[in-house]
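Values in this document were obtained by computation on a predicted structure and should not be read as measured data.
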Amino acid sequence: MNRKQSLALSACVAAMFSVPAMAQFSTDGLFVVRLGDAASPVSGAAAQKVYLDEYTASTGAFVRSIGLDYTGSTAFTLSGTSNLDDGHLNLSTDGQSLVLGGYRANLGFNEPQKSSASDVPRVIATVNAAGTANTSLALNDAYNNVVIAAVISDGQHFWTGGAYSTTDNAASVNSGGLRYVEGPGSTTSTNISARTIKAGSNEPDSLRNIRFVGNEIYVNTPAQKSFVNRGVYAMSQTTPGGTQVATPVIVNHEGQNIDDAGNVDKSGQITGKWYPKTDAVFFDLDPTVPGYDVAYGTGGKEDYHKWSLVFNPSENQYEWIRNTQAFVGGQDSGLEINALDARLVDGTVELFATLDQGVLKLQDTAGYNAAMSSLFADPDIDTGAGFFFTAGSGTQFRGLALVPEPTMLALGLFGLMAIRRRRA
């Protein structure tokens, strides 16, 4: 390389790094969806103000609050009813934005989820690391008269999950379930659910949170009518076209006396109630087991559980076995887990859960195929004891998401430059 070529390359590199870098999320961030504030406390089922509150995941220290518009053409609100299982929060797979679903309804609008999407569009909100919220994407054909529960994204396209609409009686009308949205300028979506036949009509699935696990979409369903059994399913199709197949991952055995290992339960107890039908996170903790081998899930209500993928020699296959089942505040306490997220820190799983009143945190050092080494502390909603941090008077928490910083690709860029030079 002569001096002129060297100067040209130096100028190119300098120009590349002189472009302002996109803001990056903290490596220790935990975002929580909050409803309401001191001026507008949560009340009833009306549309509520929505905030994304950031905390430090290691200490629970408050960092900042990002408010979303709650009136007009950019309004994004959620219902104040706490048992709707909406407001799930997910980080896009490119690590650049947080995404969630809600309603184009002004603050105070009564029960927005019960309106048609043509009257109250279902909104996909994105929030970047700089705290800039975009609520321009509104769907007029999704989740008629029912809840939009969750959104995931690869940074360009979106997938939404929610309930099925009992008003969609015609086979050609399916506004619920798992839906695909082409991009930021879309106003319509496409149903890609594994549709079921019920009472002679073609209906989509009823879903709560949805996630990318590897290159597959995993969905949580609370509805027996959707897949026969409640729990977690892997979906075969991520875009329109083809036949959607929902493969059971961790599911119950509705009405059957079968235990978590798939064996006949001699005690006669039906195990269908306590399964991860609201939310679940997956890890690969044992290199000898193929794929993801540990999961933490919740059925909503008070229950949460840990599962491991264990080889069953009698069946010559791997099966999900429940290692731990526990309850927040004790069974029938009335405390409901809204969402989960977890991360792996030096071999320890740190698990976070939101209740309306606050966030819980625990550390599980037990690893693969072992009962959890610790459980969530039973919280006291009057004093705040047992919570990692609380929501505050007149407010509620819904979804949450951990936000690791994306890996920079500078080395890849230099590698590409080198390849091009060798080919010149």
Side-chain angles (χ1 to χ4, degrees), residues 28-37 41-42 48-66 68 78-91 98-102 125 127 147-152 161 208-211 220 222 276-281 296-305 326-329 333-343 349-364 375-381 384-403:
D28 192 28
L30 174 65
F31 278 86
V32 185
V33 177
R34 170 170 56 90
L35 272 58
D37 56 24
V42 176
Q48 310 292 324
K49 292 181 181 179
V50 176
Y51 296 85
L52 297 191
D53 292 342
E54 183 180 5
Y55 294 83
T56 301
S58 58
T59 66
F62 176 78
V63 177
R64 60 174 169 164
S65 184
I66 303 167
L68 279 64
L78 289 168
S79 171
T81 301
S82 62
N83 60 355
L84 294 177
D85 299 299
D86 61 2
H88 286 281
L89 185 66
N90 290 301
L91 181 67
L98 293 158
V99 292
L100 70 161
V127 179
V147 170
I148 177 172
V151 181
I152 55 176
R208 289 184 179 167
N209 201 14
I210 57 177
R211 295 180 185 271
N220 293 79
K277 55 186 183 284
T278 294
D279 208 351
V281 289
Y296 299 84
T298 178
K301 298 193 183 294
E302 311 93 341
D303 63 298
Y304 60 98
H305 13 79
F327 301 89
V328 174
S333 68
L335 297 176
E336 182 171 355
I337 296 176
N338 296 324
L340 295 174
D341 207 355
R343 64 182 184 178
V349 173
E350 293 185 339
L351 185 65
F352 301 83
T354 54
L355 281 64
D356 288 354
Q357 302 85 358
V359 169
L360 303 173
K361 178 183 178 180
L362 66 78
Q363 294 182 321
D364 180 20
L375 302 177
F376 287 128
D378 289 341
D380 187 316
I381 61 175
F387 283 109
F388 190 40
F389 52 83
T390 59
S393 177
T395 69
Q396 294 178 4
F397 283 159
R398 292 291 176 82
L400 79 167
L402 292 156
V403 286

Donor-acceptor contact present, side-chain T354 to main-chain R398, <3.5 Å:
yes
Check: I381 main-chain N/O paired with Q357 side-chain donor or acceptor under 3.5 Å
no
Quick one: [atom1] on [X] to [atom2] on [Y], what's the gap to the nearest 0.5 Å?
X: Q396; Y: R34; atom1: CD; atom2: CZ; value: 12.0 Å
X: K301; Y: K277; atom1: NZ; atom2: NZ; value: 7.5 Å
X: D86; Y: L35; atom1: CG; atom2: CG; value: 8.0 Å
X: L30; Y: L89; atom1: CG; atom2: CG; value: 9.5 Å
X: L335; Y: L360; atom1: CG; atom2: CG; value: 8.5 Å

Looking only at heavy atoms, what is the nearest atom pair of [X] and [Y], with distance?
X: G87; Y: L78; value: CA-CD1, 3.9 Å
X: A326; Y: L375; value: CB-CD2, 4.0 Å
X: L340; Y: A353; value: CD2-CB, 3.6 Å
X: G297; Y: P276; value: CA-CB, 3.8 Å
X: G399; Y: A339; value: CA-CB, 3.9 Å
X: L52; Y: V33; value: CD2-CG2, 3.7 Å

Minimum side-chain heavy-atom gap [X]-[Y] below 4.5 Å:
X: D364; Y: L362; answer: yes
X: D28; Y: R343; answer: yes
X: P379; Y: L355; answer: yes
X: N220; Y: R211; answer: no

Among F376, F352, F327, which residue satisfies the ring-ring contact (aromatic ring centres under 6.0 Å, His included) criterion with Y304?
F376
Going by distance alone, is a donor N or O of one side chain under 3.5 Å from an acceptor N or O of the other, for H88 and N90?
no
Verify whether one side chain among S65 and D53 offers a donor that lies under 3.5 Å from an acceptor in the other.
yes
For Y55, give me all partners under ring-ring contact (aromatic ring centres under 6.0 Å, His included), at least two apart in sequence or on another chain.
F62, F389
Any residue meeting ring-ring contact (aromatic ring centres under 6.0 Å, His included) with Y296, in chain and number order, not counting sequence neighbours
none
With side chain to side chain contact (heavy atoms under 4.5 Å, CB included) as the test, pick out the partner of F31 among I66, L91, D341.
I66
Would you mind telling me which of N338, I152, D85, D279 makes a side chain to side chain contact (heavy atoms under 4.5 Å, CB included) with N209?
D279
